[in-house]
There are 2 protein chains.
Amino acid sequence: MAERTPAQVPGRGRATASMADVARLAGVSSQTVSRVSNGYAGVNEETRQQVLEAMKELGYRPNSAARALKRGEFRTIGVITFTLSTTGNVRTLEAIATSAAAEGYAVTLLPVAVPTTDEVRGAFSRLEELAVDAVIVIMEVHLLDAATVKLPPHVQVVVVDSDAGDHYTVVDTDQAGGTRTAVQHLLELGHRTVWHLGGPEDSFAAQRRADAWRAALTEADRPAPPLVRGDWSAESGYLAGRELAAREECTAVFAANDQMALGLLRALHEAGRRVPEDVSVIGFDDIPESGSFLPPLTTLHQDFAEVGRLCVQAVLRKMRPDGSEHGTTLVPTRLVLRQSTAPPPAER
Amino acid sequence: MAERTPAQVPGRGRATASMADVARLAGVSSQTVSRVSNGYAGVNEETRQQVLEAMKELGYRPNSAARALKRGEFRTIGVITFTLSTTGNVRTLEAIATSAAAEGYAVTLLPVAVPTTDEVRGAFSRLEELAVDAVIVIMEVHLLDAATVKLPPHVQVVVVDSDAGDHYTVVDTDQAGGTRTAVQHLLELGHRTVWHLGGPEDSFAAQRRADAWRAALTEADRPAPPLVRGDWSAESGYLAGRELAAREECTAVFAANDQMALGLLRALHEAGRRVPEDVSVIGFDDIPESGSFLPPLTTLHQDFAEVGRLCVQAVLRKMRPDGSEHGTTLVPTRLVLRQSTAPPPAER
DNA sequence: CACCATGATGTTTACGTAAACATCAGCCAC
DNA sequence: GTGGCTGATGTTTACGTAAACATCATGGTG
């Protein structure tokens with residue numbers, strides 16, 4: 001290579017300094033710069049200092065595109081998720097980003113506006129051209145299957161909020177365990193049975209909670225009342241809650257998330273049924289606001305931070321050559337007792 | 001559910017097919033493959049079909065690292081934000097990701113765990129090595145300044161939740177306008193003055209709302225009661241709310257966000273003061289749950305989607321050679337009337 | 001029919017990095 | 001002193017893509 005002017009683009013400021021620029025200034029070869037840049041041993045201390053000084057002077061930053069090209073990895077994890085409107089997804093995403101950063105990985109976000117097969121397919125096809133080494137999917141796996149996903153063969157996948165541990169690596173909250181705790185808590189207070197304000201049918205988490213609710217009642221030899229459903233939103237909880245409020249015999253409700261529980265509280269309040277004196281309500285999630293509901297909500301705390309952390313662990317483990325098998329990891333929940341549950345009226 | 005082999009196929013030869021592979025199979029030069037891949041005109045239809053077929057057969061995907069290296073751009077925007085615990089940040093982030101995707105840009109997330117200068121500096125230094133063309137910062141700009149930010153010269157920055165339109169390009173909700181609307185609404189209902197449950201001192205948004213509240217009162221020749229502060233959380237709103245609830249003369253409160261308003265509602269409820277009969281409460285944000293509070297909360301709707309969209313627009317505009325000057329873009333708020341405000345007791 | 005414009009395609013090169021290999025001085029053992 | 005070894009550094013090459021330039025038929029024009 002002949003005398004080469006450092007990349008000087010006239011119109012729009014100058015581009016960043018390259019290794020060659022640093023090498024020239026330090027009077028060494030670019031390979032030596034590379035060695036210093038990567039903390040390689042075997043560089044004379046004096047030389048190293050010269051190089052570091054030259055780097056500093058030129059404001060050198062390694063070009064990650066070139067690095068990725070050479071190394072064949074991007075050190076980036078893609079996260080596909082539905083709208084960030086649920087606390088759980090957001091908190092999980094946040095934990096993923098934090099854990100990934102700690103491992104030296106960046107996180108690229110791929111939001112899917114509406115949970116249709118087309119949208120999911122679109123996200124994945126964008127992903128295919130994206131610079132990621134692995135993918136964490138926070139959504140229903142059946143949409144994933146239906147989208148005929150075709151990822152580059154080396155891209156690893158971990159799924160949240162799903163079963164399918166036989167096809168994918170799955171990390172999730174222990175939905176069934178948490179639900180059982182909720183139902184048992186209410187039964188132990190003396191309620192004859194527990195009603196359920198469930199989530200939407202197409203959600204695996206909602207399905208799992210509804211199934212576990214039924215199972216826990218069956219196990220305790222109690223009749224299972226009809227299931228009412230919302231779509232996770234407080235508004236839907238309010239609408240469904242009006243039905244429940246009208247039922248005299250309903251004294252205990254397990255809501256599939258805190259937001260619907262909020263709506264339910266409003267419906268009960270409007271119907272003149274006091275919580276917890278007349279009706280006990282228990283939620284699921286433990287969102288930050290639930291301690292400020294009227295009354296403060298008893299609920300099951302989900303450890304989203306742990307879920308996110310485990311996702312990153314799992315996906316990084318899979319990227320290693322001896323990558324492990326598929327399987328499901330469950331994160332336990334914790335009962336948070338506040339003021340929305342009490343013994344039924346008859347027992348008071 | 002469809003039988004589907006997991007994406008992991010080890011030992012299946014090379015990881016990904018390159019242009020050269022496709023070219024070989026199609027019997028053309030790799031340059032022709034490049035032309036087809038980039039939708040260049042001037043390729044014989046027959047040749048194009050052959051290339052496309054070869055691509056399909058080999059499962060060819062362009063290597064984004066190589067592409068980025070060649071083109072000198074990553075088509076990625078970095079987003080630095082504090083914890084995703086506030087609705088506003090999350091919604092803005094989501095809108096940014098969606099808008100960016102529409103423009104063919106990916107979004108890389110850089111969460112900052114705690115808002116200390118050190119943490120911010122850490123995030124930026126990680127960012128320096130990151131593959132981004134531009135950065136959107138969702139946080140207090142004073143932390144940004146203190147962190148002695150040193151970004152590659154070509155990386156553009158747009159800031160949310162800040163003033164400093166003279167140093168940076170800023171997009172934000174019209175805090176002052178919204179606040180004025182809130183205060184005027186309460187005064188028009190007949191309240192003598194309006195109290196303010198403010199956000200934390202180190203938040204620009206909180207500061208701006210508090211200032212505007214004071215200004216609106218001064219303008220209407222009303223006395224400004226002492227300011228009470230929370231930290232945005234519902235719990236802090238509850239604590240601060242107990243002070244307000246104890247003040248007989250307090251009949252109207254403007255809470256700086258909906259979550260604190262929620263805590264305030266609980267404090268008022270516990271103190272036996274009815275909303276809106278005894279005390280009117282107005283919030284800020286219009287989070288999805290606020291329609292389900294007891295009572296449903298009157299509040300100012302923030303258009304986070306629009307803020308996010310404008311951020312992306314602004315940052316892309318700045319990336320063009322004729323990049324525009326710094327400046328501030330404000331997004332208006334909208335008053336959402338629900339059931340938490342009414343004329344004061346004396347007027348009833 | 002010579003000429004040149006046109007369209008289709010191939011060849012060269014460079015982007016910035018880092019592995020692999022090459023060089024070379026200094027030193028020790030025999 | 002010679003051979004071999006070690007440590008420090010330089011040179012070559014390749015990663016996959018795409019701009020710039022080169023080549024080469026074809027066909028219309030004068």
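In what follows, every chain begins at residue 1, and chains take the letters A, B, ... in the order their sequences are listed. We use all heavy atoms of the structure for the numbers below, so side chains are in, but hydrogens, waters and symmetry mates are not.
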> Of B/V28 and A/N63, whose closest DNA chain C nucleotide lies nearer the 5' terminus?
Replying inline: B/V28

> Over how many whole Å does the gap from B/E73 atom CD to D/dA19 atom P extend?
Replying inline: 11 Å

> B/R35 CZ to D/dA20 P: how many Å, rounded?
Replying inline: 13 Å

> If you find the nucleotide of DNA chain D closest to B/Y60 and the one closest to A/S30, which residue's nucleotide is nearer the 5' end?
Replying inline: A/S30

> Going from OG on A/S29 to CZ on A/R24, what distance comes out if it is rounded to the nearest 0.5 angstrom?
Replying inline: 12.5 Å

> Taking the side chain of B/T32 as its heavy atoms from C-beta onward, which of C/dA18, C/dT9, D/dA8 lies nearest to it?
Replying inline: C/dT9

> With respect to the side chain of B/N44, which nucleotide from C/dT17, C/dA8, D/dA19 is positioned closest?
Replying inline: C/dA8

>> Before you tell me yes or no, could you show the steps for A/L93 and B/L109 under side-chain contact (heavy atoms from CB on, under 4.5 Å), namely the whole-Å CA-CA distance, both residues' side-chain angles and the distance that decides it to 0.1 Å?
In response: CA-CA 10 Å; A/L93 168 65; B/L109 186 59; 4.0 Å; yes

> Counting side-chain heavy atoms from CB outward, which of C/dA18, C/dC15, C/dG16 is closest to A/Q31?
Replying inline: C/dA18

> Closer than 4.0 Å, any side-chain N/O of A/R71 to the OP1 or OP2 of D/dC15?
Replying inline: no

>> Between P on C/dT17 and CG on A/N38, what's the gap in Å once rounded to a whole number?
In response: 10 Å

>> Distance check needed: D/dG7 P versus A/E45 CD, whole Å only.
In response: 16 Å

> How would you label the contact of B/T47 with the nucleic acid (heavy atoms, under 4.0 Å): base, sugar-phosphate, or nothing?
Replying inline: sugar-phosphate

>> If only side-chain N and O atoms count, and only distance matters, is there a donor-acceptor pair under 3.5 Å linking B/R35 with B/T47?
In response: no

> So which of A/V43, A/D21, A/N38, A/V51 actually passes side chain to side chain contact (heavy atoms under 4.5 Å, CB included) with A/V33?
Replying inline: A/V51

>> From CG of A/L69 over to C1' of D/dG16, roughly how many Å is that when rounded to an integer?
In response: 6 Å

> In whole angstroms, how far is the P atom of C/dG10 from the CE atom of B/M19?
Replying inline: 13 Å

> In terms of side-chain heavy atoms of B/V43, which of D/dT11, C/dT9, C/dG16 is nearest?
Replying inline: C/dT9

> Would B/E45 and B/Q49 count as having a side-chain donor-acceptor pair, cut-off 3.5 Å?
Replying inline: yes

> How long is the line joining CZ of A/R24 and P of C/dG16, in whole Å?
Replying inline: 11 Å

>> What is the separation between atom CG on B/D21 and atom P on D/dT17, rounded to the nearest whole Å?
In response: 9 Å

>> Taking 4.0 Å as the cut-off, does a side-chain nitrogen or oxygen of B/R67 come that near to OP1 or OP2 on D/dA18?
In response: yes

>> Is B/Y40 close enough to D/dT17 that one of its side-chain N or O atoms is under 4.0 Å from OP1 or OP2 there?
In response: no

